[in-house]
Amino acid sequence: MKILITGGAGFIGSHVVRRFVTKYPDYQIYNLDKLTYAGNLENLKDVDKLPNYHFVLGDITDDTFIKQLFEKEQFDGVIHLAAESHVDRSITHPNEFVMTNVVGTVNLLNAAKSIWKDHPERKRFYHVSTDEVYGTLGETGFFTEETAYDPHSPYSASKASSDHFVRAYHDTYGVPVIISNCSNNYGPFQFPEKLIPLFINNIRHNKPLPVYGKGVNVRDWLFVEDHAAAIDLIYHQGPDGETYNIGGHNEWKNIDLIKVLCKVTDKKLGRPEGTSEKLITYVTDRAGHDLRYAIDSSKLQKELGWKPSLQFEEGIEKTVDWYLNNQGWLDNVTSGNYQKYYEEMYGNR
Ligand code: NAD
Ligand code: TYD
């Protein structure tokens, strides 16, 4: 079994690669990654010497390269995670999201279609997507697999578009696809542009904690290893053409989550309780900011028996510990262009 994992040097991808190379020594795992600002081979240094792990440097927007790679390696499966993934960057640079998330996905679909056209059996194209394609909820209700797509950010619009292409390739060409839409992930190796690692890093440096708007937006947080476990299960047991929602039933209003983060991090840094809450700074809201995401994952629980393994309190402790014990990792990824990014993103808010 030869599986291509795209975006394996990123946050979620590195957890999926680690799970697959260690749990399935008989599989050959190919990690294809462009190593953008979000991709970091350090994320995999504990497993990159394993004989079944292979790294391929490359760009999914390069159709000739993708075609040749598939022809050469004849993959049996694809788990596609490579993407531009940050909503704020999609607001300032939408075209990059169209190129990687839409065009890149179509290039992979074309290559899979071409090498599998005579033998689609036991092949699988797994597209990893987000709950953000469903748009926003009000105070109540949940996203199910039947919820109509209604994306509001360039990021979610590009992911929605890629989901549509994946389904179209299934219905039109018979490509054996499967899709999952997951809620917000947190845990080790997440780039500190996203809320949780950004705030832990800022607390560490006594920098302001920029809360968008009034801090009332709600996200449904899932520990990243539980997402990787769901991907493993769906990849192996999900029926062809299906969609599964993945989520933690763990909704937090941003401001409440931020206060928990301040408390846990202060305690671990030996600072008096309340120290970091003083860093909370309300800033201009994100344009098109979705109010609430919440996933109904009962289909995945009923059909495939998945459920999250970690309680949030435990997950957040583990996460804060990881960032504080891996300050070298944080320092590495926040050197270079990070300061420029930070200034551009937060300078005028
Ligand atoms: P990430 O930004 O941490 O990692 C993305 C990876 O893709 C990086 O390693 C990057 O180098 C690589 N990449 C980007 N452009 C590429 C290109 N053109 N060619 C090859 N590689 C490229 O993202 P993440 O948070 O790990 O998300 C992974 C996937 O999961 C994405 O598809 C995202 O939409 C989806 N998702 C993320 C979340 C979340 O909370 N982070 C939730 C649900 C779904
Ligand atoms: P983020 O981690 O960017 O994930 P997403 O936008 O994909 O849900 O943001 C999570 C929530 O935190 C979202 O409501 C926006 C908010 N947020 C802030 O208030 N301040 C920040 O600096 C960031 C990055 C996010």
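Order of appearance sets the numbers: ligands from 1, and atoms from 1 within every ligand. Computed over heavy atoms, backbone and side chain alike; hydrogens, waters and symmetry mates excluded. In this chain, numbering begins with 1 at the start of the sequence shown.
Put simply, no part of Met345 is less than 4.0 Å from ligand 2, judged by heavy atoms. The closest approach between a heavy atom of Gly8 and any atom of ligand 1 is not below 4.0 Å. At least one heavy atom of Ala9 sits closer than 4.0 Å to an atom of ligand 1. Within the structure, the closest approach of Tyr155 to ligand 1 falls below 4.0 Å when heavy atoms are considered. In this structure, Tyr346 is part of the shell of residues with a heavy atom less than 4.0 angstrom from ligand 2. Residue contact annotation: Ser14 has no non-hydrogen atom under 4.0 Å from ligand 1.
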Please report the C-alpha distance between Arg89 and Tyr37 in whole Å, then the side-chain angles of each, then the deciding distance to 0.1 Å, and finally whether the side-chain hydrogen bond (donor to acceptor under 3.5 Å, both in side chains) criterion is met. CA-CA 12 Å; Arg89 289 186 194 251; Tyr37 77 91; 3.1 Å; yes
Assess whether side-chain hydrogen bond (donor to acceptor under 3.5 Å, both in side chains) is satisfied between Asp88 and Tyr212, documenting all intermediate values.
CA-CA 11 Å; Asp88 291 327; Tyr212 296 166; 2.7 Å; yes
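Side chains of Phe70 and Val78 form a contact here, defined as non-hydrogen atoms less than 4.5 Å apart. In this structure, Ile179 and Ser129 have side chains that are in contact, with non-hydrogen atoms separated by less than 4.5 Å. Residues Gln28 and Met1 have side chains not in contact (no heavy-atom distance under 4.5 Å, counting atoms from C-beta outward). Two residues are said to be in side-chain contact when any heavy atoms from C-beta on lie closer than 4.5 Å; Cys262 and Leu209 meet this criterion.
Numbered from 1 in the order shown, with element, the atoms of ligand 1 that lie under 4.0 Å from a heavy atom of Thr100 read 15 (N), 16 (C), 18 (N). Ligand-side atoms of ligand 1 in range of Gly58: 19 (N), 20 (C), range being under 4.0 angstrom from any heavy atom. Within ligand 2, counting atoms from 1 as listed, the ones closer than 4.0 Å to a heavy atom of Pro210 are 18 (C), 19 (O), 20 (N), 21 (C), 22 (O). The Ser129 neighbourhood of ligand 1 comprises atoms 43 (C), 44 (C), with distances under 4.0 Å to a heavy atom of that residue. Residue-ligand proximity, Gly39 to ligand 1, at heavy-atom distances under 4.0 Å covers atoms 8 (C), 9 (O), 11 (O). Those atoms of ligand 1 that come under 4.0 Å of a heavy atom in Asn184, given as number and element, are 40 (O). Using a 4.0 Å cut-off to heavy atoms of Val128, the atoms of ligand 1 that qualify are 30 (O), 32 (O).
Closest to atom 25 (O) of ligand 1 among all protein heavy atoms lies Phe11 CD2, 3.7 Å. In this structure, the protein non-hydrogen atom closest to atom 28 (C) of ligand 1 is Leu81 O, 3.4 Å. Summary of contacts: the protein heavy atom closest to atom 7 (O) of ligand 2 is Glu132 OE2, 2.6 Å. Nearest non-hydrogen protein atom to atom 1 (P) of ligand 1 is Ser85 OG, 3.5 Å. In terms of protein heavy-atom proximity, atom 18 (N) of ligand 1 is nearest to Asp59 OD1, 2.9 Å. From the protein, the heavy atom lying nearest to atom 27 (O) of ligand 1 is Ile12 CD1, 3.8 Å.
Considering backbone and side-chain atoms together, Phe199 places no N or O closer than 3.5 Å to any N or O of ligand 2. In terms of polar-atom proximity, defined here as any N/O pair under 3.5 Å, Asn185 does make such a contact with ligand 1. Between Asn184 and ligand 2, an N or O atom pair is found at a separation short of 3.5 Å. The N/O atoms of Leu32, backbone and side chain alike, include none that comes under 3.5 Å of an N/O atom in ligand 1. Here's the thing with Lys159: one of its N/O atoms is less than 3.5 angstrom from an N/O atom of ligand 1. Some N or O of Arg286 is nearer than 3.5 Å to an N or O of ligand 2, by distance alone. Taking any N or O of His289, backbone or side chain, at least one lies under 3.5 Å from an N or O belonging to ligand 2. Below 3.5 Å of separation, one finds an N or O of Thr36 facing an N or O of ligand 1. Between Lys34 and ligand 1, at least one pair of N/O atoms sits closer than 3.5 Å.
Contacts of Arg219 with ligand 2, taken as heavy-atom pairs under 4.0 Å, involve the side chain alone. Of the heavy atoms in Leu198, only side-chain atoms (C-beta onward) come closer than 4.0 Å to ligand 2. Under 4.0 angstrom from ligand 2, the non-hydrogen atoms of Leu195 come from both its backbone and its side chain.
By the 30° and 60° cut-offs, the orientation of the rings of Phe11 relative to His15 is perpendicular. Relative ring orientation between Phe143 and Tyr293 is described as tilted, the plane-to-plane angle lying within the 30° to 60° band.
The aromatic ring centres of Tyr24 and His236 sit less than 6.0 Å apart. Side-chain rings of Phe189 and Trp322 approach one another, their centers coming within less than 6.0 Å. Taking the six-membered ring wherever Trp is involved, the centroid distance between the rings of Trp306 and Tyr244 does not fall below 6.0 Å. Taking the six-membered ring wherever Trp is involved, the centroid distance between the rings of Tyr134 and Phe142 does not fall below 6.0 Å.
Ranked by closest heavy atom to atom 7 (O) of ligand 1, the top entry among Ser162, Ser156, Ala82, Gly13 is Ala82. Counting only non-hydrogen atoms, the option in Thr6, Leu35, Asp33, Asn107 that gets closest to atom 12 (C) of ligand 1 is Asp33. Nearest to atom 18 (C) of ligand 2 by heavy atom, out of Phe191, Tyr212, Trp252, Tyr342, is Tyr212. Comparing Ala38, Ser183, Ala83, Cys182 by heavy-atom distance to atom 14 (C) of ligand 1, the nearest is Ala83.
Judged by distance alone, with hydrogens and angles left aside, the side-chain atoms of Asn202 form a donor-acceptor pair with the main-chain N or O of Pro208 at under 3.5 Å. The backbone N or O of Trp221 sits less than 3.5 Å from a side-chain atom of Asn250, completing a donor-acceptor pair.
Checked against Val16 for a side-chain contact (heavy atoms from CB on, under 4.5 Å), the options Ile5, Val21, Ile3, Asp232 give a single hit: Ile5.
Of the charged side-chain nitrogens involved, none lies within less than 4.0 Å of a carboxylate oxygen, so that Arg19 and Glu225 do not count as a salt-bridged pair. In this structure, Lys340 pairs ionically with Glu344, as a charged nitrogen and a carboxylate oxygen lie closer than 4.0 Å.
Heavy-atom minimum distance, Ala160 versus Pro151: CB-CG, 3.9 Å.
Side-chain contact, Ser156 with Tyr149: no donor N or O sits under 3.5 Å from an acceptor N or O.
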